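Quick caveat: nothing in here was measured; it's all calculated off a predicted structure. Throughout, a chain's letter reflects where its sequence line sits, starting with A, and its residues are numbered from 1.
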Amino acid sequence: MAAECERSFVNAIDPDIAGQLASELPRDDFVRILRTFEDDLGRLARLLEAAVATGDEDGYRRAAHSLAGAAAAVGALRLEHVARIAMDPRNPADPRALAVQVRQEAAAALAELAALADNPPGSA
Amino acid sequence: MAQAAARVLIVEDTPTQAEVARALLRDLGHEIRLAETGADALEQGLGWQPDAILMDLELPDFSGFEAMRRLRAAGVEAAIIVVTAHGSVNHAVEAMREGAVDFIVKPFAKTRLTVTLQNALEKRALASELRAVKAQLNRDRFFGFIGASPTMQAVYRTIESVAASKANVFITGESGSGKELAADAVHRASPRRAKPFIALNCGAIPRDLLESEIFGHVKGAFTGATETRPGAARLADGGTLFLDEIGDMPIDMQVKLLRFVQTGTFQPVGASKAEKVDVRIVSATNRDPWAEVEAGRFREDLYYRLYVVPLELPPLRDRGDDVLLIARQFLGTFAREEGKRFRGFTREAEQALAGYSWPGNVRQLQNAIRNIAVLHDGERVERAMLPPMLLRSSRVPTPALSASPDPIAADAPPVMPEPGLAPAVLDSAAPQAAPSPEAPPEDPPRAPEAFLSLAEVEKRHILAALDATGQDVPRAAAMLGVNPSTIYRKLQSWRE
């Protein structure tokens, strides 16, 4: 279990979730999910940053909530983790720093997912 | 259980989540739509009527629980599966309380999602089936029939079961029990419904004309055949031929009918070539058909050809509360026709209706209610308005299917008189009640020789009806409340 957790946070994506999607779905479907995820990330990251800039706490948490949901769907665990911190009103983390971290984790998740799309588990 | 393609609505405001669910379900072949807000879910739930809804709980406008409440309140019966990121027991309990059939925690594997969805759809299909079966068991209308009794439910089920087949149906039942309605229902429930339903009363047609009526004739085939005329068999091509009172068919005609039933071909009277048609035959009699075979009046080979699916109609006395159901229906109809105010029966009147044995079955009940609607008025039919026969007796001896029926007894049960004849006929026909102080003194008893025999009274009565209608047998029969065949038979017997 410890190794699992460590691996989850070492990698941007959870191979159990993303790998299962990549292996169970036709490549076209998996790629369509990645594109949708990419669109979501761009849109939600912008909403998050705009909310930070204007001090809109509700907007900030709504965007973080959607980011967490999108990230969880494809197994982007590190991104989901950051988004859930942003969702939590009791967490003292700096919203600006979290917004930057969201961008970084989103980029990392997309890169790993793209690699997975090219070489899904079980492929030669 | 194999399932047909279903309509599945995904309610999810995060496009990635929705796309994952859609992709995981793609193999199942269901039609899938997406709603991104609670309001959109309500609109599509009502307008599109999905079979299943995958409901996210966190929606931008209101919660998934609220959406479920509103959908259920609007009568949407889709199987709702709650999709949540929180796998807590509280969420599960609340989901079920709001009408969800299951819940699933995100992220979900393909197998988990598909199995959950298919189980929910299967459960919903079974629930729908159960509702349909319950509705069938409780139905009180079936084509032309009115009746919710268990005996009639069995009749409805038999008709439905046999309708799709081409198998010949043989209907038995007392006079007035609805044999023609049953034949009509068999036709209308069948794939032949768009084609003709031709009914022929074998007992009402003079034996010399029966062959021509069934098979038609060519011009010049016999005196009076001035033009070629198709018979019932040709007219019913593709549809259903109903041969009522088949037991009255002469033996020589039965031979010809047998050939037709066996081959589907027939030869019109006077024609040189046979014709072929596709006809389903429904026969009916108020006699016991096997007893008729044993008595030598009905061919055994024809019996086996026609008696493929027997359908026995119960007498009205065995149909429980159907009497009142039918009586109310007739009362509504006749009150409208007669411009009367009747809206129902008093309890005492209903008890009298329910306690009577109705030997003439629904036809007799129909005449009784028409009689009331014509002669009386008021909000409710009272016991005193009922025809005296109903008040005199309850559960009088009733006719049974018999090998040698008395045609009058079978076809002309104690029918209520038609409106115009009612008062006089009722007064003279009904035995007098015990004299009351207000009653006029009785006539002195007549000498035995002053009485006519019943047969003579009947003959005079029928001939008078024929005279009154210009020898129009169907009209006279309608006036007397009997089938035309009864009059034909009587005329025949008086000639012999």
Looking at every heavy atom in both [X] and [Y], which two are closest together, and how far apart are they?
| X | Y | value |
| --- | --- | --- |
| B:Thr16 | A:Ala73 | CG2-CB, 4.2 Å |
| B:Gln17 | A:Gly69 | NE2-O, 2.7 Å |
| A:Ser66 | B:Asp13 | OG-OD2, 4.2 Å |
| A:Ala72 | B:Pro107 | O-CB, 3.4 Å |

Heavy atoms from other residues, nucleotides or ligands near [atom1] of [X] exceed 12 (cutoff 6.0 Å):
| X | atom1 | result |
| --- | --- | --- |
| B:Glu31 | CD | yes |
| B:Glu43 | CD | no |
| B:Arg131 | CZ | yes |
| B:Lys110 | NZ | yes |

Once rounded to the nearest 0.5 Å, what's the spacing between atom CZ of A:Arg32 and atom CZ of B:Arg26?
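One finds 5.0 Å between CZ of A:Arg32 and CZ of B:Arg26.
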
In Å, rounded to the nearest 0.5 Å, how long is the span from CD of B:Glu19 to CG of A:Asp29?
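Between B:Glu19 CD and A:Asp29 CG, I get 7.5 Å after rounding to 0.5 Å.
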
Chain B heavy atoms under 4.5 Å from [X]: which part of the residue, side chain, backbone, both or neither?
| X | answer |
| --- | --- |
| A:Glu24 | both |
| A:Leu25 | side chain |
| A:Arg43 | side chain |

Is B:Lys106 in contact with chain A via its backbone, its side chain, both, or neither, using a 4.5 Å heavy-atom distance?
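For B:Lys106, there is no contact with chain A at all, as no heavy atom is under 4.5 Å.
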
Under 4.5 Å, counting heavy-atom pairs only, tell me which of A:Gly75, A:Ala68, A:Ala70 racks up the most with chain B.
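Of the options given, most contacts go to A:Ala70.
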
